[in-house]
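Read through the structure below, which is laid out as C-alpha cells, and then see the notes.
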Protein chains: 2
Amino acid sequence: MKSETYRNTKQRSRILEILCHTDSHPTASWLYDQMKPEFPSLSLGTVYRNLGILEEQGLLKKLRSGSTFDRYDANTYPHAHFCCTECGSIYDMRDVEIPDMVQTVNKQTPHNVLEINLSYMGICEECLKKK
Amino acid sequence: MKSETYRNTKQRSRILEILCHTDSHPTASWLYDQMKPEFPSLSLGTVYRNLGILEEQGLLKKLRSGSTFDRYDANTYPHAHFCCTECGSIYDMRDVEIPDMVQTVNKQTPHNVLEINLSYMGICEECLKKK
DNA sequence: ATTAGTAATCGGAATGATTACGAATAAAGG
DNA sequence: CCTTTATTCGTAATCATTCCGATTACTAAT
Ligand SMILES: [Mn+2]
Ligand SMILES: [Mn+2]
Ligand SMILES: [Zn+2]
Ligand SMILES: [Zn+2]
C-alpha cells in the first residue's frame, strides 16, 4: 500500500506548493490545468497519485463533503468549512475549536473518535449579493 | 428540474418504508438488493431516481461524507453521525444540537448558513473489539 | 367504468471522477 | 557513471450515478 521511500519530483512538490499558496481548496483537474503550461506532458493520473501520496504523508487532507468531486486542502490544522451550495466554493472557518470537540465527544461515545468533519452548508456572501 | 405533481408508486413508497425502519443509512444498491425479491423487474435507476425525488420532497437526506458512494437517511431531524473508517458503518449521534449551532454560526459569518454537516470519524465500538 | 394525459418504470447505454496498467523515465545512493 | 526502483505518462478500466427512449400505470376528468 505505502511505498518504502519517497522521491522528490518536480510535479509533486509543485502540487504541494500550489496547494499551500491558495485557500480555494482546489480539485485535481484544476491543479492539472494550472500545472499543464509548466509540465506539458503532465498526466491527470500523476496529479491524483501525488495527491494520494501527499495525503498519506499527512501534508494535505482530502475533502469529500459537498459535490461529486474531491477537493484538497494543505491546511492540515483541524478547521471547519463553509460550502456554498450555489457556486460550490469552500471557505475556511476558524470559529470552532475542533480539537476540543474531539476530546469532548470521545467521552460521550463507545467509539474512538479520531477527527471531526464539520461543514456549514448555505449561500456564500458573493452569491447573496447577486440576488 | 422538479416535476409538477408526484404520483404514488409501490417502488417509491417501499423505498421510504425501508429507510424509515432502519438506522443503518443504506446505499442505493443495498436498497436495490433488498427490494429485488419483491420487485423482480426493479431497475437500479428507479432506486436512484426515487431517492432523488424523496430528497427533493424533504423526506430523506443524502449523506455524501465518508466513502465513494452515497448513503441515505430518512431521519430528517438534524443530527451528527459517527463514521467508522474501518468497516464503513454510520451511527447516529444525538449529543450536539445542530439547530442551535446554525443559529450561533450565522451570527459569526457573512454567509447564510442553512444547515450543518457534522461527522465524527474514527473506529467504531465493534471494530475496536476485534483488536 | 373509460379515457386521456403524463409521471414513472425498466433496461441499457452514457457519463464523469477516479484508479489501474505497463512501458519508459528519472531520482538517489554508491 | 551505474544500478535500483519510485515515478511518470498515456491509455484503458472501474464504479457510482445519471440519462435515454419505449412501455407501463397512476390520477383526475369525463
Ligand atoms: Mn480548509
Ligand atoms: Mn442519521
Ligand atoms: Zn456561492
Ligand atoms: Zn467499524
Side-chain angles (χ1 to χ4, degrees), chain A residues 1-19 25-57 59-73 83 88 90, chain B residues 1-19 25-57 59-73 83 88 90:
Chain A
M1 184 76 51
K2 301 186 179 186
S3 52
E4 318 217 337
T5 56
Y6 296 109
R7 293 176 181 173
N8 290 331
T9 69
K10 303 186 190 75
Q11 292 92 336
R12 184 179 305 157
S13 51
R14 179 54 50 90
I15 288 173
L16 184 58
E17 186 179 31
I18 294 175
L19 280 174
H25 309 87
T27 65
S29 79
W30 184 90
L31 286 164
Y32 174 80
D33 292 340
Q34 288 295 114
M35 295 173 63
K36 194 67 175 173
E38 184 180 2
F39 301 88
S41 64
L42 181 66
S43 171
L44 183 55
T46 296
V47 176
Y48 274 108
R49 185 171 13 77
N50 278 314
L51 286 168
I53 290 173
L54 290 167
E55 185 184 27
E56 75 186 25
Q57 290 179 318
L59 297 173
L60 59 80
K61 287 210 55 184
K62 185 191 290 190
L63 309 179
R64 28 186 41 161
S65 56
S67 40
T68 76
F69 36 79
D70 296 337
R71 291 172 168 272
Y72 296 87
D73 192 345
C83 308
I90 300 184
Chain B
M1 186 71 54
K2 300 187 178 185
S3 53
E4 319 220 336
T5 57
Y6 297 108
R7 293 177 180 172
N8 291 331
T9 68
K10 303 184 189 73
Q11 293 90 337
R12 185 179 306 158
S13 50
R14 178 53 50 91
I15 287 173
L16 184 57
E17 186 179 29
I18 294 175
L19 279 175
H25 309 85
T27 65
S29 80
W30 184 89
L31 286 163
Y32 174 79
D33 291 340
Q34 289 294 116
M35 295 174 63
K36 194 68 176 173
E38 184 181 1
F39 301 87
S41 65
L42 181 67
S43 170
L44 184 55
T46 296
V47 177
Y48 274 108
R49 186 171 11 78
N50 278 315
L51 287 169
I53 290 173
L54 291 167
E55 185 185 26
E56 75 186 25
Q57 290 178 320
L59 296 172
L60 59 78
K61 286 208 55 184
K62 183 191 290 191
L63 309 179
R64 28 187 39 160
S65 56
S67 40
T68 74
F69 36 80
D70 295 338
R71 291 169 168 274
Y72 297 88
D73 191 346
C83 308
I90 298 185

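In this text, all values refer to a predicted model and were calculated from it rather than measured experimentally.
One can place CD1 of B:Ile53 at 17 Å from P of C:dT6, the figure rounded to the nearest angstrom. Atom CG in A:Leu63 sits about 12 Å away from atom P in C:dT18, given to the nearest Å. B:Arg14 has its CZ atom 14 Å from the P atom of C:dT9, to the nearest Å. In this entry the distance linking CD of A:Gln57 with P of D:dA6 reads 14 Å, nearest Å. Taking atom CZ on A:Phe69 and atom P on C:dT15, their separation rounds to 18 Å, with Å as the unit. Protein atom CZ of A:Arg12 is 12 Å distant from nucleotide atom P of D:dC9, rounded to whole Å. Rounded to whole angstrom, the span from the CZ atom of B:Arg64 across to the P atom of C:dT18 amounts to 12 Å.
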Under 4.0 Å protein heavy-atom contact, by nucleotide of nucleotides 23-30 of chain C - B base, S sugar-phosphate only: ---BBS--

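In summary, of the residues considered (B:Lys36, B:Met35, B:Gln34), a side-chain contact (heavy atoms from CB on, under 4.5 Å) with B:Tyr32 occurs for B:Lys36 alone. Remark: of the listed residues B:Asn50, B:Leu51, B:Leu44, B:Leu42, B:Leu51 is the sole one forming a side-chain contact (heavy atoms from CB on, under 4.5 Å) with B:Leu31.
Annotation: side chain of A:Phe39 is not in contact with side chain of A:Val47 (no heavy-atom distance under 4.5 Å). Under the 4.5 Å side-chain criterion, counting only non-hydrogen atoms from C-beta, A:Tyr6 is in contact with A:Ile53. Contact of the A:Asp70 side chain with the A:Tyr48 side chain is not registered, since no non-hydrogen atoms from C-beta on lie closer than 4.5 Å. Between B:Leu19 and B:Pro26 there is a side-chain heavy-atom pair separated by less than 4.5 Å.
Applying a 4.0 Å cut-off to non-hydrogen atoms, the residues of residues 37-51 of chain B that approach DNA chain C are B:Ser41, B:Leu42, B:Ser43, B:Thr46, B:Arg49, B:Asn50, listed by residue number.
In summary, B:Glu38 and B:Arg14 engage in a salt bridge, as defined by a charged side-chain N under 4.0 Å from a carboxylate O. Salt-bridge formation is not detected for the pair B:Asp73/B:Lys61: no Lys NZ or Arg NE/NH1/NH2 atom is positioned less than 4.0 Å from an Asp or Glu carboxylate oxygen.
Five base pairs at each end of the helix from C:dA1-D:dT30 to C:dG30-D:dC1 define two local axes, and these are offset by 40° (rounded to 10°).
Shown here for A:Arg7 and A:Arg12, the closest heavy-atom pair between the two residues is O-NH1, 3.0 Å.
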Please evaluate residues B:Tyr72 and B:Ile18 with respect to the criterion side chain to side chain contact (heavy atoms under 4.5 Å, CB included), reporting the C-alpha separation (whole Å), side-chain torsions for both, the decisive distance (0.1 Å), and the verdict. CA-CA 11 Å; B:Tyr72 297 88; B:Ile18 294 175; over 6 Å; no

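Using a distance-only test at 3.5 Å, with no hydrogens or angles considered, no donor-acceptor pair links the side chain of A:His25 to the main chain of A:Arg71.
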